[in-house]
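Input: a single structure, listed below in structure tokens.
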Amino acid sequence: MKPKFSLNAIPTGVYFVIAGVLALLTVGVLLLMQNVAERQIEGRQRAVQVVALSEDVVDPAEWGKNYPHEYDSYKRTADIARTRYGGSEAIQKAGEANPVWQELWKGYPFSVDFREDRGHAYMLVDQRETERVKQFKQPGACLNCHGSVLPAYYQKGVDAGVSKDDRSAAIKKGFEIMASMPYSEATKLVEHPITCNDCHDPKDMQLRITRPAFMTAIDALARSDYPLPMLPSIQRWRAAGKQGQYDPNVLAERQEMRTFACAQCHVEYYFKGKEKILTYPWQNGLKVEQMEKYYDDSGWKDWVHKDAGTNALKAQHPEFEMWTQGTHAAAGVACADCHMPYERVGAVKVSSHHVQSPLLAAGQACQVCHRGNEAEIKTRVETIQNRTRVAMTNAENAVLALINDLKAAKAAGATDELLAKAQALHRSAQWRLDFVAAENSMGFHAPQESMRILGEAADLARQGQLEVAKVKLGLTANK
């Protein structure tokens with residue numbers, strides 16, 4: 001018969017061991033609960049008010065006293081780290097100017113000096129030191145995206161008679177005044193590159209739009225018929241009857257603002273009229289051909305190509321426009337999600353202000369959504385970029401060949417009137433090529449759209465060569 005179990009059979013020492021283990025577990029649980037509570041308090045304590053911030057505080061070091069984590073990562077924009085296609089590899093080779101692009105930009109300041117792309121920390125000093133500013137007269141409008149200009153805009157507006165209590169109107173007026181100033185004078189009014197108050201309200205750190213050019217352009221875009229499913233606040237505003245101005249500071253969702261804050265500068269633009277007002281060509285839409293139509297209708301040219309005689313266009317850095325064409329925009333992914341990903345600092349969740357290529361922190365930036373390993377993610381990105389680079393080379397060769405043909409035809413006696421059709425094709429082809437090259441993602445923001453644009457660039461350039469051949473045949477026949 002099986003003996004009955006009895007507690008009396010358990011040695012007394014075992015009781016003491018069990019009691020000790022339970023006591024240790026109790027203490028451990030209490031300590032864990034205390035730690036969790038402290039972390040929760042730490043997480044809620046978003047910032048310590050060390051200094052009072054206001055619209056007049058531009059120095060990021062002052063903001064950093066209240067927000068040290070963000071300021072620490074902001075300072076790291078001075079780091080220089082490269083991806084395979086970082087640093088404008090598209091139009092440079094081993095740090096030297098690419099001779100193909102010197103020919104493509106002939107007669108334009110970029111042919112004299114185009115250096116490596118660097119982080120936000122350098123955006124003001126690099127602009128001041130480029131030969132494009134030293135050798136050519138540039139307007140103060142350039143400072144819109146290279147300096148922390150809000151105090152200067154505001155003061156200029158007040159000096160011009162705008163009430164100091166109407167800050168928005170004073171900034172807009174100051175923006176217009178400084179746009180037409182010589183850059184050499186306007187830059188003296190600015191001390192820092194883009195800093196905290198350019199994107200954040202000092203009262204509560206909410207994201208905000210501060211640039212008048214963007215406010216004007218996004219309203220014009222919202223009023224157009226261009227579909228914008230990736231921007232739900234504009235969809236709602238349109239559905240409500242387009243009442244008043246579309247003001248992103250009032251109407252946009254926070255996720256949209258995490259793109260709009262970047263889109264204040266990372267866009268295509270030109271300097272309109274003798275006043276040199278910074279303007280984004282969005283009235284017809286955000287596709288390359290829609291912006292080209294805007295420029296054609298307004299008779300705009302950036303310069304006359306020295307060899308081809310073409311009224312050419314120079315693309316700037318249309319990252320926002322290209323982003324709208326890609327899968328990430330369709331999925332609701334904002335610029336900051338990839339370029340300023342969230343990170344944990346203790347119990348605090350902060351957005352990294354070390355703005356850089358996601359490939360330099362793929363685990364942090366990409367693996368939030370993509371579950372592949374980091375090496376696999378990088379390979380997928382680089383595959384897209386490598387294919388874009390091949391298509392870009394083909395388009396470069398085609399556009400350069402057209403320029404050479406136009407140059408030869410002019411040397412043989414062909415007039416601009418005879419070459420007008422070929423020059424128009426050159427304008428369209430080079431605009432598309434430059435649009436992708438200037439966009440800085442080597443096609444990644446919208447791979448299919450980038451390939452479409454580059455394919456059109458090569459095709460238009462070859463059509464231009466055929467037109468030049470017809471003109472040359474006509475010249476020969478008339479001899």
> Would a 4.5 Å heavy-atom cut-off, applied to side chains only, mark Y269 and F214 as touching?
Replying inline: no

> Between H445 and E439, does any side-chain donor sit less than 3.5 Å from a side-chain acceptor?
Replying inline: yes

>> Go through it in stages, so that I can follow the logic: the residues are E55 and K203, the test is salt bridge (Lys or Arg N to Asp or Glu O under 4.0 Å), and I'd like the CA-CA distance, side-chain angles, deciding distance and then a yes or no.
In response: CA-CA 9 Å; E55 295 287 357; K203 296 191 300 294; 5.5 Å; no

> Relative to each other, are the rings of W282 and F320 parallel, tilted or perpendicular (30° and 60° limits)?
Replying inline: tilted

> Closest approach of A52 and V57, non-hydrogen atoms and distance?
Replying inline: O-CG2, 4.1 Å

> Going through the checks in order, is the side chain to side chain contact (heavy atoms under 4.5 Å, CB included) test met by N284 and M291?
Replying inline: CA-CA 7 Å; N284 300 323; M291 287 183 278; over 6 Å; no

>> Once you measure the plane-to-plane angle for Y71 and Y74, does it fall in the parallel (<30°), tilted (30-60°) or perpendicular (>60°) bin?
In response: parallel

>> Please verify the inter-ring angle class for F444 with H328; under 30° counts as parallel, over 60° as perpendicular, anything in between as tilted.
In response: tilted

> P248 versus M215: any side-chain heavy-atom pair under 4.5 Å?
Replying inline: yes

> Does any non-hydrogen side-chain atom of K287 lie less than 4.5 Å from one of Y226?
Replying inline: yes

> Where the side chain of N440 meets the backbone of A438, is there a donor-acceptor pair that is under 3.5 Å apart?
Replying inline: yes

> Strictly by modelled atom types, are D459 and Q463 linked by a side-chain donor-acceptor pair under 3.5 Å?
Replying inline: yes

> Given side chains that start at C-beta, do those of R208 and H200 come closer than 4.5 Å, heavy atoms only?
Replying inline: no

> Any side-chain heavy atom of H120 sitting closer than 4.5 Å to one from P193?
Replying inline: no

>> Test of understanding: with side-chain hydrogen bond (donor to acceptor under 3.5 Å, both in side chains), list the residues that count as partners of D59, not counting sequence neighbours.
In response: none

>> I'd like to know whether NZ of K410 has more than 12 heavy-atom contacts from other residues, nucleotides or ligands below 6.0 angstrom.
In response: yes

> Atom CD of Q102 and atom OG of S111: how far apart are they, to the nearest 0.5 Å?
Replying inline: 7.0 Å

> Should P341 and V368 count as side-chain neighbours, where that means a heavy-atom distance under 4.5 Å?
Replying inline: no

> Looking just at side-chain N and O atoms, do Y246 and S233 make a donor-acceptor pair shorter than 3.5 Å?
Replying inline: yes

Please table the atom pairs, donor to acceptor, closer than 3.5 Å between any side-chain atom in residues 420-434 and protein atoms at least two apart or in another chain.
unit_1	atom_1	unit_2	atom_2	d
Q423	NE2	A308	O	2.9
Q423	NE2	D416	OD1	3.0
H426	ND1	T310	OG1	2.7
H426	NE2	Q430	OE1	2.9
R427	NE	D296	OD1	3.0
R427	NH1	W300	O	3.1
R427	NH1	N311	O	2.8
R427	NH2	D296	OD1	2.8
R427	NH2	W300	O	3.0
S428	OG	E292	OE2	2.6
S428	OG	A424	O	3.4
Q430	NE2	L104	O	2.6
W431	NE1	V288	O	3.0
R432	NE	E456	OE1	2.9
R432	NH1	E292	OE1	3.0
R432	NH1	E292	OE2	3.3
R432	NH1	S428	O	3.1
R432	NH2	E292	OE1	3.0
D434	OD2	W105	NE1	3.4
D434	OD2	K314	NZ	3.3
D434	OD2	A315	N	3.3

> Rounded to the nearest 0.5 Å, how far apart are NE2 of H266 and OG1 of T259?
Replying inline: 11.5 Å

> Do the numbers put K349 on top of the ring of Y342, so that NZ or CZ is under 6.0 Å from the six-membered ring centre and no more than 45° off the axis?
Replying inline: yes

> Between Y270 and Y280, is a ring pair (Phe, Tyr, Trp, His ring centres under 6.0 Å) present by the stated rule, with each step listed?
Replying inline: CA-CA 7 Å; Y270 77 113; Y280 309 160; 9.6 Å; no

> Going by heavy atoms in the side chains, are M205 and Y67 under 4.5 Å from each other?
Replying inline: yes

>> salt bridge (Lys or Arg N to Asp or Glu O under 4.0 Å) for K306 and E103? Distances and angles first, verdict last.
In response: CA-CA 9 Å; K306 188 173 182 179; E103 291 297 317; over 6 Å; no

>> Could you go through H339 and Q356, starting from their C-alpha distance and side-chain angles, then the distance that decides it, and tell me whether this counts as side chain to side chain contact (heavy atoms under 4.5 Å, CB included)?
In response: CA-CA 6 Å; H339 294 276; Q356 60 179 344; over 6 Å; no

> Does R167 make a cation-pi contact with Y154, if we ask for NZ or CZ under 6.0 Å from the ring centre and within 45° of the axis?
Replying inline: yes

>> Using a 3.5 Å distance criterion without hydrogens, assess whether the side chain of Q264 forms a donor-acceptor pair with backbone atoms of T210.
In response: yes

Side-chain donor-acceptor distances from residues 134-145 under 3.5 Å, at least two apart:
unit_1	atom_1	unit_2	atom_2	d
K134	NZ	E129	OE1	3.1
Q135	NE2	E131	OE1	3.0
Q138	NE2	R132	O	3.0

>> Looking at every non-hydrogen atom in both residues, tell me the closest pair between A457 and A395 and how far apart they are.
In response: CB-CB, 4.1 Å

> How far apart are the C-alpha atoms of M230 and W323, what are their side-chain angles, what is the distance that settles it, and do they pass the side chain to side chain contact (heavy atoms under 4.5 Å, CB included) test?
Replying inline: CA-CA 10 Å; M230 75 296 297; W323 166 84; 3.9 Å; yes

>> Run Y295 and E268 through side-chain hydrogen bond (donor to acceptor under 3.5 Å, both in side chains) and show every step you take.
In response: CA-CA 12 Å; Y295 286 138; E268 165 61 17; 2.6 Å; yes

> Can you pull the side chain to side chain donor-acceptor pair (under 3.5 Å) pairs that have at least one residue in residues 212-225, sequence neighbours excluded?
Replying inline: D219-R223

> Is a side-chain N or O of T77 found less than 3.5 angstrom from the main chain of H354, in a donor-acceptor match?
Replying inline: no

> Just by modelled atom types, is the Q243 backbone N or O under 3.5 Å from a matching donor or acceptor in the W237 side chain?
Replying inline: yes

> Would D198 and S148 count as having a side-chain donor-acceptor pair, cut-off 3.5 Å?
Replying inline: yes

> Okay, side chain of D201, backbone of Q206: is any donor-acceptor separation there less than 3.5 Å?
Replying inline: no

Can you give each donor-acceptor pair under 3.5 Å made by side-chain atoms of residues 173-184, sequence neighbours left out, with the distance rounded to 0.1 Å?
unit_1	atom_1	unit_2	atom_2	d
S180	OG	I177	O	3.2
Y183	OH	Q127	OE1	2.9

> With side chains defined as the heavy atoms from C-beta onward, is the minimum distance between T187 and L124 less than 4.5 Å?
Replying inline: yes

> When you look at D337 and Q255, which way does the side-chain hydrogen bond (donor to acceptor under 3.5 Å, both in side chains) test go after all the steps?
Replying inline: CA-CA 9 Å; D337 289 325; Q255 185 68 353; 2.6 Å; yes

> Where the side chain of D113 meets the backbone of T130, is there a donor-acceptor pair that is under 3.5 Å apart?
Replying inline: no

>> Taking L359's backbone N and O only, do any of them form a donor-acceptor pair with T83's side chain (distance below 3.5 Å, no angle check)?
In response: no

>> Test side-chain hydrogen bond (donor to acceptor under 3.5 Å, both in side chains) on W101 and E396; report intermediate values, then the result.
In response: CA-CA 8 Å; W101 281 90; E396 287 174 356; 2.8 Å; yes

> Does K188 have any salt bridge (charged side-chain N to carboxylate O under 4.0 Å, His left out) partners at least two apart in sequence or in another chain, and if so, which?
Replying inline: none

